[in-house]
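Please read the structure below before turning to the comments.
As the structure is a computational prediction, the values presented were derived from the model and not from experiment.
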Amino acid sequence: LTFPDIAHIGALPYARAKLGLRCPAFCTVPVWRMGKLFVEDMLWGCEQFERCVFDRGDIEETFHWITPLKYQQEKDFEIGGTTLTIAPYAAGRIVGGAFWLLKRAAETLIYAVEFNHRREQHLNGFVLEVVERPSVLITDGYNMLRESKTRRATLDQHLFSAIKRTLTKGGDVLIPVDPAGRVLELLLCLHRFWKSSKMKFPLIFVSRVSRVAMDFARSQMEYMSNACRTAALSSSDRDRPFHFHPRDVHLLHDLRALDQFRGPKLILASDAYISVGYSLQIFRHLSQNPKNLVIITQRGPEYTASYQLSRSPIPKEIKIKARRSIEVDENGVPLDPELKKLVEEKKSKIAEEDKREEKKDETSQGPDVKKEELTEGNDTDIKKVVVEDVKDAKVGEKRDGNADTAPKKRKRKKRKKTLKTKYPMFQEIRETREFDDYGEVIDPEDFQAPEEQSEPGPRSRNGRQGAFPRNRSGEQPFVQGKNGMYENGPRSRNGQRMDRGRGMDHKNGRGMPRGPGFEPPGPRPRLKTIWSILKIDVKCEVMYLDYEGRSDSKAIKTILKQIKPSKIVTMHGSDSSKDAMKKYSQRKFKSTVLVPKKGEPIDIMQEGGAIPVILEQSLLEQLEFKKEKVNGFDIAWADSLLKFKSRDEIDGTASSSNEDAKIEAFLPVLEAAPADKVKGHSAIFLGQLKLPILARQLKKKGEDMPFEKNMMRNNDSTMVLRKLENKIKYYGFLSEKYFKVRNVLYSEFTSL
């Protein structure tokens with residue numbers, strides 16, 4: 001798992017609980033902590049409209065199943081007789097974000113998506129120097145066609161000036177953010193601007209997990225930037241990262257708390273895509289005032305409001321597919337008077353249309369009656385004539401047995417009545433739990449032995465049996481009276497009865513004691529989810545600033561040019577961006593680029609790569625391994641022959657009960673070559689040359705050869721060294737200095 005946001009980890013609880021995902025899962029420690037906050041915030045947003053496909057129990061079980069690792073911590077697996085090693089490395093963008101290095105024998109695979117090469121306020125940049133040339137690179141083409149031409153300092157200046165201009169004019173500013181990811185970078189920048197500019201306007205971060213996210217951020221300093229780690233050692237709490245004073249940054253977890261801030265204010269609300277949660281509710285309110293400002297910092301999927309608002313020109317109206325939960329009665333009729341009135345009007349229209357169709361059917365489908373018979377006489381005679389003719393027609397049809405002689409009755413088209421209940425409605429029962437800053441509110445009686453528990457009391461809302469507390473003398477101080485009140489118990493100064501330790505007022509039946517055993521049972525509302533296309537008029541000012549934290553196309557090309565992977569697998573992004581990465585990689589360093597479709601399996605093993613063999617003892621004794629290791633491997637030259645086993649040898653060894661013998665049965669044997677066939681070989685240099693290191697080594701030997709780009713030369717240009725893609729060219733006059741520089745150059749490699 002690379003990042004803790006919903007795009008990378010949102011469906012994991014569902015896959016674990018409902019789809020039976022049982023493979024090992026790994027992530028970094030911050031992803032393990034922050035990812036849980038992301039999923040809980042998403043779950044709360046979904047529960048406002050309908051019942052989610054997973055619950056909090058599934059979230060707890062999922063994150064208990066994941067194994068957290070630290071950066072560069074290796075984990076080994078035995079697969080098919082070989083060892084697979086995985087390790088996470090810092091990828092930037094979100095705290096704990098990682099790219100993964102997988103090693104198996106001589107094959108190396110790097111999984112790096114949505115990384116960020118820039119150094120930010122709270123994170124260091126992404127540096128991919130763990131391997132020289134990986135066998136396979138799995139990456140994304142999300143920003144392959146986007147080049148950032150704005151520097152970070154300029155971007156911050158645009159952000160601060162827009163916020164200050166709007167607040168001074170009397171408007172509000174909304175920045176949709178994620179609950180525990182990129183919001184950390186924005187909070188550090190805005191808090192620094194607030195202190196330097198001495199802003200008097202309130203800075204608010206509203207999310208269901210705002211306080212917990214700040215607590216986790218304070219405990220993850222080892223995964224943040226060097227500046228944050230240095231500031232964390234400060235003696236003043238206000239100078240430490242994410243130790244915000246309540247007057248500087250207001251952390252709210254309920255939207256109703258915004259009512260206490262009357263004037264202009266800056267609000268950071270989750271989620272970042274304005275699809276659910278507090279950001280959608282606040283945006284619907286602020287978008288109707290031209291004085292207000294909405295700053296989009298992250299593009300989302302095409303169906304989200306953030307994607308529509310990030311496009312240019314900014315639309316005057318956006319459409320969002322929204323869900324809404326309404327209370328209904330036993331028959332499924334909404335309790336809201338306005339909705340109920342709309343439903344009744346639609347039902348009455350449908351009933352009138354049905355009556356009109358019935359009248360048309362009666363006049364068109366009735367028996368043939370002469371106009372004279374219908375006009376003469378009163379209404380009762382007409383009814384009799386029609387009824388008698390219908391009976392005679394049915395009798396004649398039965399006698400003749402031929403339907404053609406009887407008058408044909410047209411089939412009546414039935415109209416679908418969408419608003420009538422088609423299925424039985426049942427009461428939806430949800431288990432509600434109370435949470436405070438320290439977690440779930442528990443009942444101590446649940447953790448006592450049976451002999452220590454008190455007498456059973458009233459049931460709480462979640463259906464659990466409560467208990468009346470006892471004092472030291474064994475008496476029950478709270479006894480329920482006739483009006484549902486607890487008559488015995490402590491009183492306040494004005495004589496009103498209160499719950500012990502909670503100070504709840506019981507006057508006029510209000511302020512009932514809360515907690516297990518004290519909550520009176522009440523009927524749960526019946527809820528029904530309806531889908532609708534939400535149209536929002538955008539009258540406010542909208543601005544898009546790129547704070548996504550992803551590398552642009554220029555940085556991606558530079559990184560690809562440095563590592564030069566043999567094979568690239570491209571995921572994510574549009575088709576045009578994937579095609580651009582494919583063309584660039586094939587043109588620059590002739591790599592094999594695979595662009596799989598959704599659900600398409602591909603083989604990412606390197607063609608002609610390393611294969612396992614069995615070394616003969618005679619060959620093993622002749623090998624002379626170098627002292628220096630290359631990429632962690634011992635290196636030696638061997639003049640040998642590869643011998644494949646016959647079919648009879650394979651069948652004889654494969655029938656053994658030993659598992660290792662079965663695997664070795666299919667492996668070829670590497671044996672020493674005869675002396676008459678050994679002809680020697682040219683020198684091979686293994687390793688990676690870095691010109692700055694070579695320049696320092698030459699300076700220690702007394703030779704000054706400064707480097708410029710990919711070239712080194714001495715003062716009189718008698719010696720020139722050039723570094724190409726896979727070659728190093730060294731020119732110079734044959735002299736003592738020439739061979740001295742060449743010896744230093746050879747020492748930087750492992751030669752065979």
Side-chain angles (χ1 to χ4, degrees), residues 1 3-22 25 27 29-68 96 178-181 183 206-217 219 251-255 269-272 275-281 323 325 427-447 459-466 514-517 519 521-522 524-525 527 529:
L1 304 173
F3 295 100
D5 54 352
I6 297 301
H8 293 86
I9 208 171
L12 194 61
Y14 177 77
R16 173 70 177 176
K18 309 302 180 183
L19 303 180
L21 183 62
R22 294 297 180 267
C27 67
V29 177
V31 170
W32 181 68
R33 290 187 174 183
M34 296 300 191
K36 188 176 180 181
L37 300 183
F38 269 92
V39 179
E40 287 181 352
D41 186 79
M42 181 192 68
L43 178 64
W44 176 85
C46 293
E47 285 180 344
Q48 302 303 307
F49 306 102
E50 64 176 356
R51 189 171 185 177
C52 195
V53 293
F54 56 86
D55 54 16
R56 289 180 175 82
D58 297 333
I59 297 175
E60 293 290 340
E61 197 275 335
T62 299
F63 283 88
H64 180 73
W65 155 64
I66 299 174
T67 303
D178 50 28
V183 66
V206 53
S207 172
R208 295 293 294 182
V209 295
S210 58
R211 296 176 183 175
V212 184
M214 293 302 105
D215 292 339
F216 282 172
S219 63
L251 303 178
L252 308 180
H253 61 83
D254 194 350
L255 198 60
S270 63
D271 81 326
S275 55
V276 293
Y278 291 145
S279 61
L280 178 59
Q281 301 178 40
R323 294 170 295 182
S325 58
Q427 182 179 0
E428 182 182 4
I429 300 176
R430 297 183 181 179
E431 180 181 357
T432 58
R433 303 178 182 179
E434 293 186 358
F435 292 85
D436 55 14
D437 295 340
Y438 301 95
E440 182 182 357
V441 178
I442 63 173
D443 182 12
E445 295 284 343
D446 295 341
F447 302 92
R459 289 184 177 272
S460 60
R461 290 183 180 177
N462 54 13
R464 295 186 299 180
Q465 189 74 27
R514 293 171 19 180
E519 297 183 1
R524 295 179 180 273
L527 300 178
T529 302

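The side-chain hydrogen bond (donor to acceptor under 3.5 Å, both in side chains) check on Arg208 picks up nothing, with sequence neighbours excluded. With sequence neighbours excluded, no residue forms a side chain to side chain contact (heavy atoms under 4.5 Å, CB included) with Ala11. In this structure, the side chain to side chain contact (heavy atoms under 4.5 Å, CB included) partners of Ala25, at least two apart in sequence or on a different chain, are Trp65, Ile66. Residues that satisfy the side-chain hydrogen bond (donor to acceptor under 3.5 Å, both in side chains) test with Asp271, not counting sequence neighbours, are Ser275.
Taking both residues in full, the closest heavy atoms of Pro179 and Ser270 are given as N-CB, 4.2 Å, listed atom of the first, atom of the second, then distance. Listed here is the closest heavy atom pair of Trp44 and Tyr278: CH2-CE2, 3.1 Å.
Checking side-chain atoms of Trp32 against main-chain N and O of Phe63 turns up a donor-acceptor pair under 3.5 Å.
How far CG of Leu1 is from CD1 of Ile9: 5.0 Å, rounded to the nearest 0.5 Å.
Contact annotation: the side chain of His253 never approaches that of Val206 to less than 4.5 Å [non-hydrogen atoms, C-beta and beyond].
Among the candidates Val53, Asp58, Ile59, the single residue satisfying the side-chain contact (heavy atoms from CB on, under 4.5 Å) test with Asp55 is Asp58.
Annotation: side chain to side chain donor-acceptor pair (under 3.5 Å) contacts involving residues 10-20, sequence neighbours excluded, comprise Arg16-Glu61.
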Could you pull out every donor-acceptor pair under 3.5 Å between side chains of residues 34-43 and any protein atom, sequence neighbours left out?
from  : atom 1 : to     : atom 2 : distance (Å)
Lys36 : NZ     : Glu60  : OE1    : 3.1
Lys36 : NZ     : Glu60  : OE2    : 2.9
Asp41 : OD1    : Ser207 : OG     : 3.3

